[in-house]
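First the structure, in the form of structure tokens, and then the observations on it.
Lettering of chains follows the sequences in order, A, B, ..., and the numbering in each one begins at 1.
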Amino acid sequence: MAKKAKTAITPTRTEDYTEWYQQVVRASDLAERSPVRGCMVIRPWGYALWENIVRELDDMFKATGVKNAYFPLFIPLSFLEKEAEHVEGFAKECAVVTHHRLEKGPEGGLVPAGSLNEPLVVRPTSETIIGDSFSKWVSSYRDLPLLINQWANVVRWEMRTRIFLRTSEFLWQEGHTVHATDKDAIERTRLMLDVYAKLAEEYLAIPVIKGTKTPSERFPGALDTLCIEAMMQDRKALQAGTSHFLGQNFAKASDIKFHSAEGTEEYAWTTSWGASTRLIGGLIMTHGDDDGIILPPRVASSHVVIMPIAKKPEDRSKVMEYTETLAKELREKYYHHRRIQVEIDDRDVGGRGWDWIKKGIPVRVEIGPRDIADNSVFIGTRDKEYKDRSSLKRDQFVAEITNILDEIQDTLFQRALTFREKNTIIINDNKQFYEFFTPQNQDKPEIHGGFSLSPWCGSEECESKIKEDLSVTIRCIPFDNEAEKGNCICCGKPDSKQVIFAKAY
RNA sequence: CGGGGCGUGGCGCAGCCUGGCAGCGCGUCUGCUUUGGGAGCAGAAAGUCGGAGGUUCAAAUCCUCUCGCCCCGACCA
């Protein structure tokens, strides 16, 4: 029997994927559970990652003319009631504020007092309260389009939470736009989806499939929901961003009207679109390995760690000086309009390299007296095996650092893309479909299945039958395969369009 | 919210059945050794055994209640 390789994370992905995920989150110092049920503390290493995602997204939004604003955390209950489907969609998971004061209770402690006339809902999303502002901001076609985004926290009282993937409170951005025509609104919906896809693929190195949600998976109140779907390493799908065409539903609910060029009064057309801290969960499950997370350089919390090796006291000042100078030079360089961020870890402990591997830093540099004598550095990159390290001339390393980072970025994307392609199959046969999504061992289901590209007739009956039988849902109707037709995988009806079926987070 | 599992130093766990000084591995700290690496030796700190109540001379262990976490289902970014 081969000796099992030692991994920094126990268990490994194949042993227990969900437990692996939790251990990675902990070991990488990204986040931890909070004393508040279903909530998380995002630690500095995780928050830096989020800040980088925010910076890139925000920049891309602004490039399309979007402006940032901020709306209240509290939404009057009556606002949420305005759009029928919307209420129904969110009512079950709302935190409600009913009091505005605390008083000493009869048995000590504090009890809520001063009940509110109208309860306030902690925003699960802000369509209604933003709509209220928009109704005042919009009066003429000259005010349109109105392109607004807010970075905020929202609360959805989830039954079951998973750190980053589904927490009761999470950070996100929600964009809200108003347009004079349905065509403009639909275009905007698609444009923002493209922004999310660009962020996912070019920055997070997560390949995504762009498509449309089926009516049953739509945002409550939307006419159309577009999404990007990614495959995690357990072959399940993760929705990584959504963009909604809201038609005139919310304009009618919030009374967003404008005078057209023709002099008539019209209801406006609106969109909303969002991406959240869930992206970090997607990042972990796309790139992580049995030694921890792997951060794509373009959003990495930090790019390089330098670990000086100076066990003899007389070497120390020389090694530290070499280290500091190298760090300074690297920090003066830019990688994707961000200054290269360098950590120096001079702790004199064995195993410090593993701390950084678990945290997923792209480049590790070791510097000892021998490297200095040779005017070189000893580097390892996170996309390669631990043992796969090599010596490089110092000046060459400094000159090449952005290329090294780009190479890691490419490797991560290509690896994820290959994985997805390998696990995406075209299935036209019902029996094969059921086999694909049925685990061999029902008691302890192994990692199985993947994405199946199969025809679907469009009926909700077939969609829900498959969901009931296999816990498999239609993740999206991909834009790319619109021409392809076949016999519905469930009922056999001809001329059905190709959709992506998968188990989902 | 239904079914199942689990709460014991920072992390992972044993001990519980059969009540009798709270343990192990990793990590942390100190010292020595080692000196191109997930180190070795010695020592140390760190726990009201999730919480409350009960049974008992005695409770991590038995009983009742409660809170939290994890898995499966329903719901969802």
Side-chain angles (χ1 to χ4, degrees), chain A residues 5-11 16-19 21-23 26-27 29 32-39 88-94 124-125 154-174 196 213 216-220 225 227-230 237-244 272-282 291-292 307-316 319 345 347-358 364 366-374 377-378 380 386-387 389 391 439 442-445 467-468 471 473 504-505:
Chain A
K6 195 169 185 182
T7 59
I9 303 293
T10 330
D16 186 342
Y17 194 79
T18 49
E19 180 63 18
Y21 175 80
Q22 292 176 85
Q23 291 301 328
R26 196 188 57 71
D29 290 344
E32 61 195 24
R33 302 217 141 271
S34 88
V36 184
R37 183 199 171 97
C39 293
E88 207 179 312
F90 287 104
K92 280 172 283 183
E93 50 186 43
C94 286
T125 178
V154 285
V155 169
R156 296 181 188 176
W157 214 262
E158 298 289 348
M159 301 288 183
R160 198 170 140 197
T161 57
R162 293 191 70 187
I163 205 156
F164 284 122
L165 294 173
R166 184 171 299 109
T167 44
S168 293
E169 180 193 17
F170 58 91
L171 305 183
W172 78 343
Q173 58 68 220
E174 47 180 321
Y196 291 141
K213 283 293 186 192
S216 72
E217 300 264 340
R218 255 179 219 151
F219 177 77
T225 289
C227 62
I228 50 171
E229 294 283 331
L238 183 82
Q239 179 176 309
T242 49
S243 185
H244 316 291
S272 69
W273 24 277
S276 72
T277 36
R278 171 179 255 204
L279 287 169
I280 295 176
D291 288 325
M307 291 173 280
I309 300 159
K311 301 230 167 162
K312 289 178 191 146
E314 62 269 30
D315 290 335
R316 183 154 178 92
V319 173
D345 185 354
R347 291 175 298 163
D348 183 20
V349 289
R352 67 188 158 164
W354 286 89
D355 287 348
W356 294 102
I357 288 170
K358 285 187 273 191
R364 305 181 307 277
E366 295 169 23
I367 292 174
R370 260 185 250 164
D371 304 295
I372 298 175
D374 186 42
V377 293
F378 197 65
Y386 167 70
K387 295 203 187 304
R389 291 172 296 171
S391 197
Q442 289 285 359
D443 297 331
K444 192 181 179 295
K467 184 174 180 182
E468 270 173 40
S471 302
T473 51
Y505 275 96

Worksheet item: B:C76, B:A77, B:C70: which one has an atom nearest the side-chain heavy atoms of A:Q239?
Response: B:A77
Worksheet item: A:Y21 side chain to A:D16 main-chain N or O, any donor-acceptor pair under 3.5 Å?
Response: no
Discussion item. Measure CZ/A:R162 against C1'/B:C72 and give the value in whole Å, please.
Written reply: 12 Å
Item to complete: Identify which nucleotide among B:G38, B:C71, B:A74 has an atom closest to any side-chain atom of A:M159, counting heavy atoms from C-beta outward.
Response: B:A74
Worksheet item: Which part of the nucleic acid does A:F219 contact within heavy-atom distance under 4.0 Å: base, sugar-phosphate only, or nothing?
Response: nothing
Response to the item:
As its Watson-Crick or G-U partner within any shown strand, both distances under 3.5 Å, B:C6 has B:G68
Item to complete: When you get a sec, tell me which of B:G38, B:C75, B:C69 is the closest nucleotide to the side chain of A:W354?
Response: B:G38
Discussion item. If you compare every side-chain N and O of A:Y386 against the phosphate oxygens of B:G38 (OP1, OP2), does one of them come in below 4.0 Å?
Written reply: yes
Worksheet item: Reckon A:R166 has a side-chain N or O less than 4.0 Å from the OP1 or OP2 of B:A77?
Response: no
Worksheet item: Under 4.0 Å between a side-chain N/O of A:K213 and OP1 or OP2 of B:A77, yes or no?
Response: no
Worksheet item: With nearest nucleotides of RNA chain B determined for A:E366 and A:S276 from heavy-atom distances, which residue corresponds to the more 5′ nucleotide?
Response: A:E366
Discussion item. Using Watson-Crick or G-U wobble geometry with both distances under 3.5 Å, which nucleotide pairs with B:G73?
Written reply: B:C1
Item to complete: Answer whether the closest heavy-atom distance between the side chains of A:R347 and A:D355 falls below 4.5 Å.
Response: yes
Worksheet item: Expressed in whole Å, how much space separates the C1' atoms belonging to B:C49 and B:C32?
Response: 36 Å
Worksheet item: Side chains of A:L238 and A:R278: does their closest heavy-atom pair fall under 4.5 Å?
Response: yes
Discussion item. With heavy-atom distances below 4.5 Å as the criterion, would you say the side chains of A:D291 and A:Y386 are in contact?
Written reply: no
Worksheet item: Expressed in whole Å, how much space separates the P atoms belonging to B:C16 and B:G3?
Response: 29 Å
Discussion item. Quick check for you: among B:C70, B:A77, B:G36, whose closest atom lies nearest to any side-chain atom of A:R33?
Written reply: B:C70
Worksheet entry | Base-pairing assignment for B:U56 (Watson-Crick or G-U wobble, both under 3.5 Å) | none
Worksheet entry | Whole angstrom value for the distance that separates P of B:A39 from CG of A:D355 | 10 Å
Practice prompt. Look at all strands and tell whether A:T242 reaches a base, only sugar-phosphate, or nothing, counting heavy atoms closer than 4.0 Å.
Written response: nothing
Discussion item. Taking any heavy-atom pair under 4.0 Å as a contact, classify A:T125: base, sugar-phosphate, or nothing.
Written reply: nothing
Discussion item. Both distances below 3.5 Å, Watson-Crick or wobble geometry, any strand: find the nucleotide opposite B:G12.
Written reply: B:C24
Worksheet, complete the sentence: Against the side chain of A:R26, the closest entry in B:G36, B:A74, B:C11 is B:C11
Practice prompt. Classify the nucleic acid contact of A:L165 as base, sugar-phosphate or nothing, counting any heavy atom under 4.0 Å across all strands shown.
Written response: base
Worksheet entry | B:G25 to B:G36 separation - P atoms, rounded to the nearest Å | 28 Å
Discussion item. Measuring to OP1 and OP2 of B:C11, would you say a side-chain N or O of A:Q23 lies under 4.0 angstrom away?
Written reply: no
Fill in: Shortest side-chain distance from A:R37, nucleotide among B:G36, B:C69, B:G38
B:C69
Practice prompt. Return the value, rounded to whole Å, for the distance between atom CD1 of A:I357 and atom P of B:G38.
Written response: 10 Å
Item to complete: Could you check how far CD of A:Q173 sits from C1' of B:A77, rounded to whole Å?
Response: 11 Å
Worksheet entry | A:E19 CD to B:C6 C1', straight-line distance once rounded to whole Å | 11 Å
Worksheet item: Roughly how far apart, to the nearest Å, are B:C62 and B:C72 at atom P?
Response: 28 Å
Fill in: Gap between atom CD1 of A:I280 and atom CD1 of A:I163 - 0.5 Å precision
10.5 Å
Practice prompt. Please measure how far the P atom in B:U64 lies from the corresponding atom in B:G4, and state the result in whole Å.
Written response: 15 Å
Worksheet item: Side chains of A:R364 and A:F378: closer than 4.5 Å at any heavy-atom pair?
Response: no
Item to complete: Mind checking A:T277 for me? I need base, sugar-phosphate or nothing, with any heavy atom below 4.0 Å counting as a touch.
Response: nothing
Worksheet item: Please give, in whole Å, the distance from B:U28 P to A:D29 CG?
Response: 13 Å
Response to the item:
Using Watson-Crick geometry (N1-N3 plus N6-O4 or O6-N4) or G-U wobble (N1-O2, O6-N3), each under 3.5 Å, B:G31 is paired with B:C41
Practice prompt. Inspect the surroundings of CH2 in A:W354 and state if more than 12 heavy atoms from other residues, nucleotides or ligands are less than 6.0 Å away.
Written response: yes
Worksheet item: Between B:A39 atom C1' and A:R347 atom CZ, what is the distance in whole Å?
Response: 16 Å
Worksheet item: With a non-hydrogen cut-off below 4.0 angstrom, is A:A8 in contact with a base, only sugar-phosphate, or nothing?
Response: base
Discussion item. Mind checking if A:G281 touches a base, just sugar-phosphate, or nothing, with heavy atoms under 4.0 Å?
Written reply: nothing
Worksheet item: Quantified in whole Å, what is the C1' atom distance between nucleotide B:G47 and nucleotide B:G7?
Response: 14 Å
Worksheet, complete the sentence: Ranking A:C39 and A:H244 by the position along RNA chain B of their nearest nucleotide, the one closer to 5' is A:C39
Worksheet entry | Sugar-phosphate, base or nothing in reach of A:T225, heavy atoms under 4.0 Å | nothing
Worksheet item: On a whole-Å scale, what distance lies between the P atoms belonging to B:G27 and B:C70?
Response: 27 Å
Response to the item:
Which of B:C76, B:G36, B:G12 is nearest the side chain of A:R156? It is B:C76
Discussion item. At 4.0 Å (heavy atoms only), tell me whether A:G368 reaches a base, stays on the sugar-phosphate, or touches nothing.
Written reply: base
Worksheet item: Of all heavy-atom pairs between A:D315 and A:P369, which one has the smallest distance, and what is that distance?
Response: OD2-CG, 3.3 Å
Worksheet item: Nearest to the side chain of A:E93 - B:C71, B:C75, B:G36?
Response: B:C75
Worksheet item: Between CD of A:E93 and CZ of A:R156, what distance do you get to the nearest 0.5 Å?
Response: 6.5 Å
Item to complete: Select base, sugar-phosphate, or nothing to describe what A:P369 touches, counting heavy atoms under 4.0 Å on all strands.
Response: base
Worksheet item: Can a cation-pi geometry be assigned to A:R162 and A:Y505, taking NZ or CZ under 6.0 Å from the six-membered ring centre and within 45° of the ring axis?
Response: no
Worksheet item: What is the distance, rounded to the nearest whole Å, between atom CG of A:D371 and atom C1' of B:G36?
Response: 8 Å
Item to complete: Counting Watson-Crick and G-U wobble pairs only, both distances under 3.5 Å, name the nucleotide matched with B:C17, or none.
Response: none
Worksheet entry | Paired nucleotide for B:G47 [Watson-Crick or G-U wobble; both distances under 3.5 Å] | none
Practice prompt. Provide the distance between the two C1' atoms, one in B:C24 and one in B:G9, to the nearest whole Å.
Written response: 12 Å
